[in-house]
Novice: 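Before I ask anything, let me first share the structure, which is written out below as structure tokens.
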2 protein chains.
Amino acid sequence: MARTPAPGTRDTILTAAAGLFYEFGVRAVGMAQVVEAAGCGKNLLYKHFPSKAELAAAYLNLTRHERERAVTEALRWSADPVDRLLALVTEIADSVRRPGYRGCAFRNYLTEFPGETDEPARVAQAYLADSRAQMDRLVLGAGGDALLTDRIWLVVNGLYSGTPAQASVAVDWITEMVRPTEAP
Amino acid sequence: MARTPAPGTRDTILTAAAGLFYEFGVRAVGMAQVVEAAGCGKNLLYKHFPSKAELAAAYLNLTRHERERAVTEALRWSADPVDRLLALVTEIADSVRRPGYRGCAFRNYLTEFPGETDEPARVAQAYLADSRAQMDRLVLGAGGDALLTDRIWLVVNGLYSGTPAQASVAVDWITEMVRPTEAP
DNA sequence: GTCTATATCTTGATAGAC
DNA sequence: GTCTATCAAGATATAGAC
């Protein structure tokens, strides 16, 4: 009775690994833990991901795609440049508010592996650069200048490493910055 | 090599360990590396620091004392509440600008060991709480309200995980927030 | 006696073999 | 899916220099 090769094995393993890596950190989680959480054999894990670094890179790529999907979805409903910027900021704030939030996965990885130049590190750095570039494009599109891009990135950086309680403060503040003040 | 004079042994070890821990992360640095960098025997290391956790706690406490000394020094010259707040912010910005800056040591530790409740984790959490409380006290003393404390903490958080280039942006911005605007 | 150096024990991790 | 080789790291114990 040959087992039917499960269609989503790679995804199953990756999803399990991603959850563990994000919650406990990449260094702290062993391949054995991933195997146990995925409910598969060790051979399968190494068949799909020949090394832990490749699994970590896949984890960061998965996270990137999830973030991009969520951001694209959030931006889909707004055409106005200011609305689009605020939609992005709101989406980030929502992600910070989600239970189990433990900071930005990419920044966390780079903190765990400082000075590293392997593939996961490159994925993380690329995401952060692209993420900043996207934010800057939206700020400039909404009529902001270079100073405002710096300031908003500062606040968003603080938001990423902050608590859910600060999410609303950040959103409200950035709204104030880019919307004409309403008289009371 | 020549025998290390006895009295400063603990400090020598701790200084060496602190440099390595901050630069490469606590997890990535082994006790053997600390021994080599300190130029002492393994026995002596374990005599002064019975476990790696105790060495890590000592590292964070040392960092805390260094930060507190620098902040106290920066605040010494200002009596005016607004000046004191800006002196603190400027001191933080200067520390971010220092070559070799690799983020806040306490946040980095908590990122490396999420969910940990041992002594180093408690030291790190206590520092962050005290640090925020001090900042809030200065903001309130300078005439700010609760909203301003939240906003300034957001910016300072972003500054900690930011680049030296953003340090000036943060200082200028906070200056603008707490000083009466000067007419052009 | 104090410190260095080394040898070793134990644990846990990556990885590959069966 | 289990079993095992290999290695690194934390921690301890022992042997030897000053």
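Computation of the quantities below employed the complete heavy-atom set of this structure, encompassing side-chain atoms and omitting hydrogens, waters and symmetry-equivalent molecules.
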Novice: Quick one: ring-ring contact (aromatic ring centres under 6.0 Å, His included) pairs with a partner in residues 113-133 of chain A, sequence neighbours left out?
Specialist: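 Matches after skipping sequence neighbours: A/F106-A/Y127, A/Y109-A/F113.
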Novice: Which side-chain hydrogen bond (donor to acceptor under 3.5 Å, both in side chains) pairs, counting each pair once, include a residue from residues 20-34 of chain A, with sequence neighbours left out?
Specialist: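 As it turns out, there is no side-chain hydrogen bond (donor to acceptor under 3.5 Å, both in side chains) pair with a partner in residues 20-34 of chain A once direct neighbours are skipped.
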Novice: Taking the ring centre of each residue, are B/W173 and A/W173 less than 6.0 Å apart?
Specialist: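 Yes: the rings meet the under 6.0 Å criterion.
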Novice: Go through the steps for A/R151 and B/E176 under the test salt bridge (Lys or Arg N to Asp or Glu O under 4.0 Å), then give the verdict.
Specialist: CA-CA 12 Å; A/R151 286 183 174 181; B/E176 237 179 67; 3.2 Å; yes
Novice: In the structure I gave you, are the side-chain heavy atoms of A/K47 and A/T9 within less than 4.5 Å of one another anywhere?
Specialist: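 No, side chains not in contact.
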Novice: How does protein reach along nucleotides 8-13 of chain D, written 5' to 3' as B (base within reach of a heavy atom under 4.0 Å), S (only sugar-phosphate), or - (no contact)?
Specialist: --SBB-
Novice: When the side chains of residues 114-125 of chain A are checked against the rest of the protein, which donor-acceptor pairs come out under 3.5 Å, sequence neighbours left out?
Specialist:
from, atom 1, to, atom 2, distance (Å)
A/D118, OD1, A/A121, N, 3.3
A/R122, NH1, A/T117, O, 2.8

Novice: Where along residues 108-121 of chain B does a heavy atom fall under 4.0 Å from DNA chain D?
Specialist: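 The stretch gives none, as no residue of it lies under 4.0 Å from the strand.
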Novice: To the nearest Å, how far apart are A/L45 CG and D/dT2 P?
Specialist: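 Result: 14 Å.
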Novice: In this structure, which one of A/R67, A/R97, A/R76, A/R69 forms a salt bridge (charged side-chain N to carboxylate O under 4.0 Å, His left out) with A/E91?
Specialist: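 So the option named by the test is A/R67.
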Novice: To the nearest angstrom, how far is A/E36 atom CD from D/dG1 atom C1'?
Specialist: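 From A/E36 CD to D/dG1 C1': 14 Å.
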Novice: Give the table of side-chain donor-acceptor pairs shorter than 3.5 Å for residues 130-142 of chain B, with sequence neighbours excluded, one pair per line with atom names and distance.
Specialist:
from, atom 1, to, atom 2, distance (Å)
B/D130, OD2, B/R64, NH1, 3.4
B/D130, OD2, B/R64, NH2, 2.8
B/R132, NE, B/D136, OD1, 3.2
B/R132, NE, B/D136, OD2, 3.2
B/R132, NH2, B/D150, OD1, 3.0

